[in-house]
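Step one of this worksheet: look at the structure below.
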2 protein chains.
Amino acid sequence: MIEAISTRRPRKAQVARREILTVAARMMRERGYAEMSLRDLAAEVGMKAGSLYYHFASKEELACEVMRAGVEIVSEAVTQELNEAGDIPPRDRLVTALRIHLETLQSASDFASAHIRCYPFVPPAVQAELKEVRRAYDRVWSIIIRAYLGPGADANRVRYLRHVLIGALNWSLEWFDPERDDVAGYVETLAGLLPAEPGGSA
Amino acid sequence: MIEAISTRRPRKAQVARREILTVAARMMRERGYAEMSLRDLAAEVGMKAGSLYYHFASKEELACEVMRAGVEIVSEAVTQELNEAGDIPPRDRLVTALRIHLETLQSASDFASAHIRCYPFVPPAVQAELKEVRRAYDRVWSIIIRAYLGPGADANRVRYLRHVLIGALNWSLEWFDPERDDVAGYVETLAGLLPAEPGGSA
DNA sequence: GTCTATAGACGGATAGAC
DNA sequence: GTCTATCCGTCTATAGAC
């Protein structure tokens, strides 16, 4: 009984919190960090600006949670799909990762888009706070790419190829139109650039 | 005589105007459009905020000129280099374009970086004003890529490959460190993904 | 948990002196 | 051309009622 009550207590707060984060993600994606006013955000959630401070200590903390969720959503989608795929060739793993990253970016997540677009302009404290999750997701890709290039691959070659691919995927935020473009087609173009046997040192 | 005087009159204004644009480009690159305050901008140029309005009608117009210069600088660098290169194979033209775009982005131009980073968050009126220069630069790339893929290349394949390459180049703003990275190395990685004979329809 | 009310700072833009 | 002075709006954040 007592547990039931104490478990239920924070429920309303959690719901409101989630809704704030959802709306904030969309606003950050569309307008940017500085251009997202807490008044507008609160209005869309159906509350007043001051009430937000019951859920978040500051605008920076709010933005930080949105952006952290952004990386985690994409990262978990990719790793989960790769786990389910089981034992497939390294190149297939890489192409799968490309597809899931792009799919999640385009269909699922204002959070990820907000992260990608806003990161350069967010306060340094927020950037610092996000450093670790970002590095973690980078490591996921480094492993996938190293497996594709082969065990003896130069570390810099791995890093550069990672930047090429992530850049090609994230840049889709600037042009991808769901009405005209399809994820499969773009991934196909990208995969067409990845030879079955990635020889050479270039 | 009269001509000399009237020619000299606007000179001081032009110098000041250029300096404002230069500082504005750096501030937009570093902080973003909304976070660039005209007070700070004026202070770094050595004047007061109100004085800026002698040179520009509004903050939007100022941003617009910075961003337009950004595309033009890169576009002209690429086209000029290709003109000087003369008659070289289509794939070499493509790799040259990749190199110059990246070089200009990294060494020369806060203007281009400001454009790339700020475009998503700049007021719609500014975006509309920039639409034409952006399309013009897109056309430059479409021509280069179509020549590489061959005369029968599917229009969508051209467009997707363009997005892949431009994305891979522009994303360098997020990670490229001149102390550690070099343009040649990254272009080499990128070129390694472009086969001499771009067959298939993928 | 959410409200009202407001503090306190800063934003873009304008008018008129020099 | 640049300055001073200022209007007026918006912003984040806080305090205290309910």
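In the text below, chain A, chain B and the rest are named by the order of the sequence lines, each starting its count at 1. Atom set for the values below is all heavy atoms of this structure, side chains included, hydrogens, waters and symmetry mates excluded. Since the structure is predicted, the reported quantities are computational estimates derived from the model, not experimental observations.
- Whole-Å rounding puts the A:Arg31 CZ to D:dT10 P distance at 13 Å.
- Taking atom NE2 on A:His55 and atom C1' on C:dC3, their separation rounds to 12 Å, with Å as the unit.
- Pairs of residues two or more places apart, or lying in two chains, that qualify as side-chain hydrogen bond (donor to acceptor under 3.5 Å, both in side chains) and include a residue from residues 60-79 of chain A are A:Arg17-A:Glu65.
- Across every non-hydrogen atom of A:Ile20 and A:Leu41, the tightest pair is O-CD1, 3.9 Å.
- Residue A:Lys12 has its side chain nearest to C:dG1 when only D:dG1, C:dG1, D:dT2 are considered.
- For the pair B:Met47 CE and D:dT4 C1', the computed distance is 15 Å after rounding to whole Å.
- The aromatic rings of A:Tyr160 and B:Trp175 sit tilted, their planes meeting at an angle between 30° and 60°.
- For B:Leu105 against B:Ser172, the heavy-atom pair with the smallest separation is CD2-OG, 4.1 Å.
- Defining each end axis of the helix from C:dG1-D:dC18 to C:dC18-D:dG1 as the rotation carrying four pairs' C1' atoms onto the next four, with five pairs an end, the two axes are found to diverge by 10° to 10 degrees.
- Applying the 4.0 Å criterion to OP1 and OP2 of D:dC11, one finds that A:Ser37 has a side-chain N or O inside that range.
- Between the OH atom of A:Tyr54 and the P atom of D:dA13 there is a distance of 19 Å, given to the nearest Å.
- The closest side-chain donor-acceptor pair between B:Ser142 and B:Arg162 falls under 3.5 angstrom.
- Residues B:Leu169 and A:Trp171 have side chains not in contact (no heavy-atom distance under 4.5 Å, counting atoms from C-beta outward).
- B:Asp40 places its CG atom 9 Å from the P atom of C:dG12, with the value rounded to the nearest Å.
- Taking the six-membered ring where the residue is Trp, B:Tyr119 and B:His115 present parallel rings, their angle staying beneath 30° rather than reaching 60°.
- With A:Tyr53 as the aromatic partner, A:Lys59 does not meet the cation-pi criteria of under 6.0 angstrom to the ring centre and within 45 degrees of the ring axis.
- Rounded to whole Å, atom P of C:dT2 lies 13 Å from atom CG of A:Leu41.
- The interatomic distance linking B:Gln14 (CD) with D:dT2 (C1') rounds to 18 Å, in whole Å.
- The nearest whole Å value for the distance from the CZ atom in B:Phe56 to the P atom in D:dG1 is 14 Å.
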| said: Protein within reach of the bases, or only the backbone? For nucleotides 13-18 of chain C, mark each nucleotide 5' to 3' as B, S or -, using heavy atoms under 4.0 Å. | reply: BB----
| request: Begin from the C-alpha positions of A:Arg117 and A:Glu174 and carry the test salt bridge (charged side-chain N to carboxylate O under 4.0 Å, His left out) through to its verdict. | output: CA-CA 10 Å; A:Arg117 282 190 161 178; A:Glu174 304 301 317; 3.7 Å; yes
